[in-house]
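Here's the structure, in structure tokens; my notes come after.
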Amino acid sequence: MDGMKLPKAYEPEQYEHDIYALWEKSGVFTADPHSRKEHFSISMPPPNETGTLSIGHALFLTLQDIMVRHARQKGKDALWLPGTDHAALAVNAIIENQLAEEGTNKHEIGREAFLERTRNFVGDSRETMLGQMRAMGASADWTRLRYTLDNALNRCVNETFVKMYNDGLIYRGHRIVNWDPNLETNVSDDEVIYQEEQGRFYTFKYGPFQIGTARPETKFGDKYVVMHPDDARYAQYKHGDTFEAEWINGPVTATVIKDEAVDPKFGTGVMTITPWHDHTDFEIAERHGLDKEQIIDFHGKLLPVAGEFAGMPIAEARPKIVEKLASKGLLVKTEGNYRHNIALNERGKGMIEPQIRLQWFVDVNKPVIDWKGKRCSLKEVMQSVVRDGDIRIIPGRFEKVYFHWINNLRDWCISRQIWWGHRIPVWYRTDTDGKEETYVGDQPPTDESEGWHEWEQDPDTLDTWFSSALWTWSTLIDPGLAQDYSLSLNDLLEKSPDFQAYHPTSVMETGWDILFFWVARMILATTYVTGQVPFKDVYLHGLVRAEDGKKMSKSRPESIINPLDVIPKYGADALRMALIMGVTPGNDQSWGWDKIEANRHFCNKLWNIARYIEDITGDKTDREGASPTAAADNWILSKLQRAQKKISGDLDNYRFSEAYDTLYHFIWDDLADWYIEASKTEPNRQLLAYLLEAVLLLTHPFAPFLTETIWQTLSWGNDSVLAGRELRDTLGSDSRRAVEFDELQTIIKEVRYIIKALQAYGVTLYYTDAALLSNNAEVVKRLGRLKAVTRVRDGTGLYLTNTRYSCWLDIDSDTAQAYAKELAGKHSAQQSVIDRLEARLANEDYVKNAPGDIVDQTRKQLHEAKELLGGIEQERKRFSGLSGRV
RNA sequence: GGGCUCUUAGCUCAGUUGGCUAGAGCGCUUCCUUGACGUGGAAGAGGUCAGAGGUUCAAGUCCUCUAGAGCCCACCA
């Protein structure tokens, strides 16, 4: 063992950093759009620059890295384009929190200072996160690192906005939006989450009606009562009737409205509406052309319409309003246990107050896109590409979820009132008479006309998903070309080599939780701008939950696993494999420390296999000259061939867990426990070296650091990196010789079993003339832990019943008697196998309907079972007849 | 209200188009210093695949229903 290069224990922390640096230096991660190889590409979902990476990021980095490394091994030119996201709202919420803690706010420090501070924050985050990606072994092409606020990407955002505006797909309008008074911005429908709350439900007298509400504070301006047109209780009231009613701040004139949106079974079947602060009410008002009045201001306080309550925050005003209505005799009843949902902003958890505001929207229903020769709306294109199979979603059940979301999709509100993000490329100016002019363009307008004030850019920014939606192609635009404003967006696409080579990307790998936010919107924007789908396959992984199966959450800091805490102790490879082991697409997994432990052991196992082979082969590294001689040699090669084919096929089909499982058992069971042990009798040194190389390659996508460390330490690669090597076809083997080893395994297993059961150690195995046994006597002796394996003319002792070869263990009859019971059990088990097989073959329908090869297989099984039963019976007879010697 | 997923060994989970005696990791029992690995090796124990019905020569796998767990979407004043 002296002079070995591989030290006794694998300590990942000692190697990982240097190995990563070596890869980067080697340039194997850098893609070449001009390569004649088949291209393969993945856009890395850009993590939000909000601090550090989570275990969920570790999962996606692992999955994508496996795909990319596997693609390289199969001889493809693979691009994995990394990047980060400015995460407008999420980052904005963090900075505003910081400011609040410092006792200030964004208005006090101003827009520029706010942006400067934000840039510093995300800059720090980015450095941390890129370091974490490297620590996971991510083989990304760092020469192409992108950021959603890069100039080139910003240009793509603006160009897309302008194109959509010119096509009439982007419009500005007064619509009801989800307003967050805390962050002072609106958010899209998808960013609203609902939380169940116990509240009170009040019923008030309103003229001749009774109306129910959980929100009395919105009721000041109510002047419409709405009921279902078919509600017989209110048949005497006609649509448009008016009446006088005493209300919070005095008498009002109310109008009767009949609308089918009202559920007659809920409450009294009558409601008043507040169109300014409720989505459903807004729609009713729109249908009937009713007035809308703002009751609550954008900071969550009541407006002058509330009279004496004006200026009060909602929570304070509510009980006082109820009190006042009660004192006027208008409160009919109060129900205490009313369960209803309150709307919150997913970011920052601020209460959402619907408001009508002038905002920018993407029209998803306007049919202005030429798609496959038809005029389609954005919605229709989104449906068509998945329905027609241009895009495949894995697992397939998410296609249903996707369609359901699109069916319910409303126009997408893309403007935000926060400062961090892509500013809306729209400018306004007014003339001295107050006439307004709008300019929409990628670059600010330069003309100045007399009588007009200066152009002012829209203060709002775009929803962060608007820029993310362009990610697969905006990142492939050549940054140099993007500075040339004489080129159109189409020119940029056509002239950018990366776009031409790598788009559509091969696969989008991301979590199911952002199927709507991101995946759907990439499809929307990319098909529209480029005429291509953004990716061919979508692979959706599940969430990594805490050990107790619940979500990891900041409110339970102990539940959060930080990859950087795991890696130094266990190695990135163990973490990677733990994250894919036993995990299926779209299903969540729970974090388990024992999985990580198991995989550290696995890494150690492979390390020791390498050490052993290094020890045996010494400097002999002539792997090219390897060829099989022993039965075991042929057997392990056929196993390797099968494993390689299975793993490769499984990876091609996104079956990561199965690929891993095959690899694990090939290495541990077949290679280490059987082949290496068997080879110790007479090592085939070149073949051992060959096998190590093959196994390092096969394992590399899963455990890149470990395999590269072994490769480099042994310096087998003449300065090449394992990460740059391609898979090769497995060395050929003789299948008949391979099967011989299967038979030897059967014999050895039975020997082990009997020895263990009878506690009879150091016995001799007898066999009659059989080349298989005589050629492999040493192997059987070693693996069966026998004293000797000896050829005899006629054997005595305990006869082996699992093999058709005639073998006996030299065990004295007293000891052997203990095995008689075992033999009886074996006999009945074998008999029931035979019964079952015979019954199956006796079934005419089976023989008639089942495929021929299945039936043949059954016949063969029956034949073999009968042969073995014969051996058992013979042996039992001997047992019953014997008294002294066997 | 609509939809999805899960229920398989003590625990955590695989099981691709239906086809040998249903698997893995961890845990458990017994034995073993065998030329790399005790982070190891060998031999085991442990499951009526949630329940009921159906389709089929054949069902953990397909269909229907039931029970339990989780999730998504919509949202009623």
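Keep in mind that this is a model prediction, so the values were computed, not measured. Per chain, numbering begins at 1; letters A, B, ... match sequence-line order.
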Check this for me: does the side-chain of Lys680(A) come within 3.5 Å of the base of A36(B) through a donor and an acceptor?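 Answer yes: a donor N or O sits under 3.5 Å from an acceptor.
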Choosing from [options], which nucleotide comes nearest the side chain of [X]?
X: Thr213(A); options: A24(B), A77(B), G19(B); value: A77(B)
X: Gln857(A); options: C26(B), G15(B), C20(B); value: C20(B)
X: Asn587(A); options: A36(B), G41(B), A14(B); value: A14(B)
X: Arg836(A); options: C37(B), U21(B), U5(B); value: U21(B)
X: Tyr338(A); options: C20(B), A77(B), G44(B); value: A77(B)
X: Asp673(A); options: C31(B), A36(B), A42(B); value: A42(B)

Taking only side-chain nitrogens and oxygens of [X], does any of them come within less than 4.0 Å of OP1 or OP2 of [N]?
X: Thr584(A); N: A14(B); value: yes
X: Lys756(A); N: C31(B); value: no
X: Thr280(A); N: C76(B); value: yes
X: Arg840(A); N: U21(B); value: yes
X: Tyr846(A); N: G19(B); value: no
X: Thr858(A); N: G19(B); value: no

Have a look at [X] and say if it touches a base, only the backbone sugar-phosphate, or nothing, with a 4.0 Å heavy-atom cut-off.
X: Trp668(A); result: sugar-phosphate
X: Ala757(A); result: nothing
X: His665(A); result: sugar-phosphate
X: Lys219(A); result: sugar-phosphate
X: Asn341(A); result: base
X: Ala850(A); result: base
X: Val262(A); result: base
X: Arg655(A); result: base
X: Phe266(A); result: base
X: Tyr402(A); result: nothing
X: Tyr664(A); result: sugar-phosphate
X: Lys848(A); result: nothing
X: Glu677(A); result: base
X: Lys8(A); result: sugar-phosphate

Rounded off to whole Å, could you give me the [atom1]-to-[atom2] distance for the [X] and [N] pair?
X: Arg339(A); N: C75(B); atom1: CZ; atom2: C1'; result: 14 Å
X: Gln210(A); N: C76(B); atom1: CD; atom2: P; result: 22 Å
X: Lys551(A); N: G70(B); atom1: NZ; atom2: P; result: 14 Å
X: Asp263(A); N: A74(B); atom1: CG; atom2: P; result: 19 Å
X: Glu196(A); N: A74(B); atom1: CD; atom2: P; result: 16 Å
X: Asn849(A); N: U56(B); atom1: CG; atom2: P; result: 11 Å
X: Lys749(A); N: A42(B); atom1: NZ; atom2: C1'; result: 12 Å
X: Asp222(A); N: A77(B); atom1: CG; atom2: C1'; result: 10 Å

Using the six-membered ring of [Y], assess whether NZ or CZ of [X] lies under 6.0 Å from its centre and within 45 degrees of the ring axis.
X: Arg521(A); Y: Trp412(A); answer: yes
X: Arg752(A); Y: Trp674(A); answer: yes
X: Lys680(A); Y: Tyr675(A); answer: no

Would you say the side-chain atoms of [X] pair up with the backbone N or O of [Y], donor to acceptor, closer than 3.5 Å?
X: Asp548(A); Y: Lys550(A); result: yes
X: Gln14(A); Y: Glu11(A); result: no
X: Asn653(A); Y: Gly649(A); result: yes
X: Arg600(A); Y: Tyr570(A); result: no
X: Arg233(A); Y: Pro264(A); result: yes
X: Glu750(A); Y: Thr801(A); result: yes

Would the Phe516(A) and Tyr402(A) ring centres measure less than 6.0 Å apart?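 No, the ring centres sit 6.0 Å or more apart.
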Aromatic ring pairing Trp591(A)/Trp593(A), orientation class (parallel under 30°, perpendicular over 60°, tilted between):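 It falls in the perpendicular class, over 60°.
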Do the rings of Trp668(A) and Phe602(A) sit parallel, tilted or perpendicular, given the 30° and 60° boundaries?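 Trp668(A) and Phe602(A): parallel rings.
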Would Ser188(A) and Glu191(A) count as a side-chain hydrogen bond (donor to acceptor under 3.5 Å, both in side chains) here? Give the steps. CA-CA 5 Å; Ser188(A) 68; Glu191(A) 283 163 313; 3.1 Å; yes
For RNA chain B, which residues of residues 599-606 of chain A approach it to below 4.0 angstrom with any heavy atom?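 Of all residues in residues 599-606 of chain A, the ones placing a heavy atom under 4.0 Å from RNA chain B are Arg600(A), His601(A), Asn604(A), Lys605(A).
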Between the side chains of Asp835(A) and Gln831(A), does any donor sit under 3.5 Å from an acceptor?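 Short answer, yes.
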Modelled atom types, side-chain donor and acceptor of Asp259(A) and His288(A), under 3.5 Å: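 Looking only at side-chain atoms, His288(A) and Asp259(A) do form a donor-acceptor pair, the distance falling under 3.5 Å.
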Contact nearer the 5' end of RNA chain B, comparing Val192(A) with Ile613(A):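 On the 5' side of the pair lies Ile613(A).
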Find which nucleotide of RNA chain B each of Met581(A) and Arg782(A) is nearest to by heavy atoms, and output the residue with the more 5' nucleotide.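 First, find each residue's nearest nucleotide; the 5'-ward one identifies Met581(A).
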Filtered N/O pairs between nucleotides 7-11 of chain B and protein, under 3.5 Å:
none

Starting at the 5' end of RNA chain B, write a dot or bracket for each base, bracketing those in Watson-Crick or G-U wobble pairs whose two distances are under 3.5 Å and using | for partners on another strand. (((((((..((((.....[...)))).(((((.......))))).....(((((..]....))))))))))))....
